[in-house]
Amino acid sequence: MNRHTEILVIGGGHAGCESALASARMGCDTTLVTGKLDEIAKAPCNPAMGGPGKAQLMREVDALGGEICKVTDKAMINVRTLNTGKGPAMHALRAVIDRDRYKAEMRQVLEQTENLTLVESLVEKLLWKNGKITGVELQNGEIIHAQAVIVTTGTFLRGRCHRGDESFDAGREGEPPAVGLSYSLLETGLELGRLNTGTTPRLNKNSINFKDMNLQETADEPLAFSYMSEPVSLSKDYSVYLTRSNAETHQILHDAFHLNPGKNGTLGGEGPRYCPSIETKILRFPERTSHILFLEPEGVDTDHMYVGGFATSSPPAVQDAAIRSIPGLEEAVIEIYGYDVEYDFAFPTQLKPTLETKVLEGLYLAGQINGTTGYEEASAQGLMAGINAVQKIRDKETLILKRTESFIGVMIDDLVTRGTEEPYRMLPSRVEYRLLLRQGNADLRLTEYGRQIELVDDVRYEMFQQRKFNLESELSRLRTTKVHRNGNMDRLRIENIEPGSSLFQLLKRPEYDYYTLSDFDPSRNGITSDIAEELDICAKYEGYINRHQDQIDRLKRLEEKRIPFSFQYDDLANISSEGREKFKTVRPETLGQASRIPGVSQADLASLMVYLKR
């Protein structure tokens, strides 16, 4: 009843899939253990991928050699670019996916990946010796020995679901929780807390009156998430519809607060700030008489419609009444009622930037166990945990992405340095240099890293090199090609051109873009729309980009100053007790990370700098 593997991944959600694929593709013998193989890569909440902050994470995972974007491209039934009226830093792809197809596509990828074994079971406990992980014990008593273990358990750690006065143990409805593993994690010395998240009702689309709702069709232009996918234009058959709650809806829910586990004290743990329940929104924004709701199809072969913005754990009768008070939903039939789930998570300041725990060598955590929420955040952590587990057992340099070069770097640095006591969501506002870290240039920023760790294959790398060459050569041509006045310029009303101006300087003007200037640029070659967009951004935002780059160059000195993990902070004489405790808790790896620890004073940081110089 014993077997051996190099890397073992616990959990088959989005974090677990990326961890296992990264490990196996990098050549390590990998085993993924999950409770139900049929539920691998399930999207249990909203049937969507991407959006602000999340699309950037997805593109970065794709640039490094991950899978989420490619599977999304195969499963999406509606896709749009959001925030097109804002600056390029805020542009974000978002797709509604066929949930069943997403699961099927991801499982097929896993099953066809060399070096990867799938096991259907629950892990009962972790095994370790002399401060180092050695494997796991399954519920059936089987032992799997491993050099590294990656825990990606989502909401399953001592998961408990609530709906009205009904409570039951489950990681999500219909699936058992992982109880023994929680206690095993506590035995390692990890400190666990509780969080909760909500789900929304699912409606039968045939019972909905869409006539008076606002329509959001899929985009007309071809789009794709992955750099490896051919952009496509989708059918208009699977639209998103917008409606709103109203004062009657809010009154129905408010009158039933005493029956709602999230409001009567039954539900434990902190809930998400940026995706709260409808009841929380009613309390938090009492001046608002309505909230926008999104009705999204859950797939091609299902009649279920997801009600985005209406997470609730009120009793079924209350959910029925509240839903039927909404325009267009007067006759709506709820086929799956919403509920809340509370679960254990590990405070992420107990992790190194590689996502390895500080308490046990070779043990990694990724996804909602680290206090995050969202498929995209989980996928990014899973990828990084898988990469770094492989690098560690091979005695190679780990991959730690910086805040200045990726959304992934910002997210992980936030978690391990600042921590979280509520579900963490990736937002563009968390990113200091988001103009440099756009969804469109993720491959230019990160693909070389993927190649160095042997996760980016020859085909992907060749495509990346061609795209990079096309962009750089066209950028160079625009900078060196001089503009000469001609009839086309007069027709386009292009005036006040300095003698010797280049096409690049002309492209800086806000009223023109790359395609507008084509009439008097006969030497140009055909390029793709994504490269044309990058050229526009490089020209129009050049000043801001250069300013950001100067700031990043100055910050490098702090980030490059390493601090030994065993550094004795008790030896620092001129430092506050609070500063000393915070340094000892986080154990920053660089001076830059130390500077971002909440509550550390400039005086404490200066004392640390002086001591390190000595």
Side-chain angles (χ1 to χ4, degrees), residues 8-16 19 32-36 39 42 44 119-129 131 133-144 146 148-162 167-197 261 266-272 339-351 355-373 378 381-382 385 415 419-424:
L8 184 138
V9 179
I10 303 174
H14 301 277
S19 285
L32 186 153
V33 181
T34 187
K36 286 187 176 182
E39 300 297 350
K42 184 175 183 177
V119 175
E120 185 172 87
S121 184
L122 291 179
V123 172
E124 185 66 19
K125 64 181 179 180
L126 304 172
L127 305 175
W128 67 91
K129 185 177 182 181
I133 197 79
T134 60
V136 302
E137 181 180 331
L138 306 184
Q139 271 192 343
N140 62 5
E142 182 179 359
I143 303 296
I144 303 180
V149 172
I150 304 171
V151 182
T152 68
T153 45
T155 61
F156 280 75
L157 289 178
R158 287 199 300 160
R160 187 163 181 80
C161 295
H162 302 267
S167 295
F168 50 93
D169 292 332
R172 54 190 176 221
E173 193 165 29
E175 297 182 59
V179 178
L181 186 56
S182 265
Y183 294 114
S184 188
L185 287 166
L186 287 169
E187 289 174 358
T188 70
L190 283 171
E191 182 182 356
L192 304 182
R194 296 287 276 180
L195 295 176
N196 72 70
T197 190
T266 303
L267 182 66
E270 191 68 31
Y339 63 92
D340 273 309
V341 57
E342 59 173 292
Y343 54 93
D344 286 345
F345 82 107
F347 293 101
T349 51
Q350 301 170 101
L351 302 175
L355 298 182
E356 183 183 24
T357 66
K358 298 171 183 175
V359 301
L360 197 60
E361 185 179 355
L363 177 63
Y364 294 77
L365 310 182
Q368 284 183 277
I369 190 175
N370 292 337
T372 59
T373 180
Q381 291 173 71
L415 293 172
T420 188
E421 294 184 354
E422 63 182 26
Y424 176 100

Checklist entry - Is it the case that more than 12 heavy atoms not belonging to Lys125 sit under 6.0 Å from its NZ atom? => result no
Item to check | Closest non-hydrogen atom pair, Pro348 against Gly419 | outcome: CG-CA, 4.0 Å
Next on the checklist: Check this for me: Glu173, atom CD, are more than 12 non-hydrogen atoms of other residues, nucleotides or ligands nearer than 6.0 Å?
Outcome noted: yes
Item to check | Closest heavy-atom pair and its distance - Leu138, Ser121 | outcome: CB-OG, 3.7 Å
Checklist entry - Counting only N and O atoms by type, is there a donor-acceptor contact under 3.5 Å from the side chain of Thr372 to the main-chain atoms of Tyr424? => result no
Pairs under 3.5 angstrom only: tabulate donor-acceptor contacts from the side chains of residues 364-371 to other protein residues two or more places apart or in another chain.
residue, atom, partner, partner atom, Å
Tyr364, OH, Asn388, O, 3.4
Asn370, ND2, Leu365, O, 3.0
Asn370, ND2, Gln381, OE1, 2.9

Item to check | Option passing side chain to side chain contact (heavy atoms under 4.5 Å, CB included) with Trp128 (candidates Leu360, Val359, Val136, Val149) | outcome: Leu360
Item to check | Minimal non-hydrogen separation, Asp344 against Ser182, with atom names | outcome: OD2-OG, 2.8 Å
Checklist entry - Quick check: does any side chain N or O of Glu175 sit under 3.5 Å from a backbone N or O of Arg172, one acting as donor and the other as acceptor? => result no
Checklist entry - Between Thr197 and Tyr343, is a side chain to side chain contact (heavy atoms under 4.5 Å, CB included) present by the stated rule, with each step listed? => result CA-CA 9 Å; Thr197 190; Tyr343 54 93; 4.2 Å; yes
Item to check | Nearest heavy atoms of Arg160 and Arg194, plus distance in Å | outcome: CB-NH2, 4.4 Å
Checklist entry - Between CZ of Phe345 and CD of Glu422, what distance do you get to the nearest 0.5 Å? => result 10.0 Å
Checklist outcome for this item: Closest heavy-atom pair, Pro177 versus Leu122, reported as atoms and distance to 0.1 Å, is O-CD1, 4.3 Å
Next on the checklist: Tell me if a side-chain donor or acceptor on Thr152 pairs with a main-chain N or O of Ile10 at a distance below 3.5 Å.
Outcome noted: yes
Next on the checklist: Distance to the ring centre below 6.0 angstrom and angle to the axis at most 45 degrees; does that hold for Arg158 and Tyr183?
Outcome noted: yes
Checklist entry - Is the backbone of Ala15 close enough, under 3.5 Å, to the side chain of Ser19 for a donor and an acceptor to pair up by distance? => result yes
Next on the checklist: Treating Thr134 as the side-chain partner and Leu127 as the backbone partner, does any N or O pair qualify as donor plus acceptor under 3.5 Å?
Outcome noted: yes
Item to check | Evaluation steps, side chain to side chain contact (heavy atoms under 4.5 Å, CB included), between Leu351 and Leu415 | outcome: CA-CA 8 Å; Leu351 302 175; Leu415 293 172; over 6 Å; no
Checklist entry - Is Gln139 reaching over with its side chain to a backbone N or O of Glu124, donor-acceptor style, under 3.5 angstrom? => result no
Next on the checklist: Holding to side chain to side chain contact (heavy atoms under 4.5 Å, CB included), I want the full list of residues that pass it with Leu267, two or more places apart in sequence or in another chain.
Outcome noted: His162, Asn196, Pro261, Asp340, Glu342
Next on the checklist: If I take atom CD1 from residue Ile133 and atom OG1 from residue Thr188, how far apart are they, to the nearest 0.5 angstrom?
Outcome noted: 8.0 Å
Item to check | Closest contact, heavy atoms only, Cys161 versus Tyr339 | outcome: SG-CE1, 3.6 Å
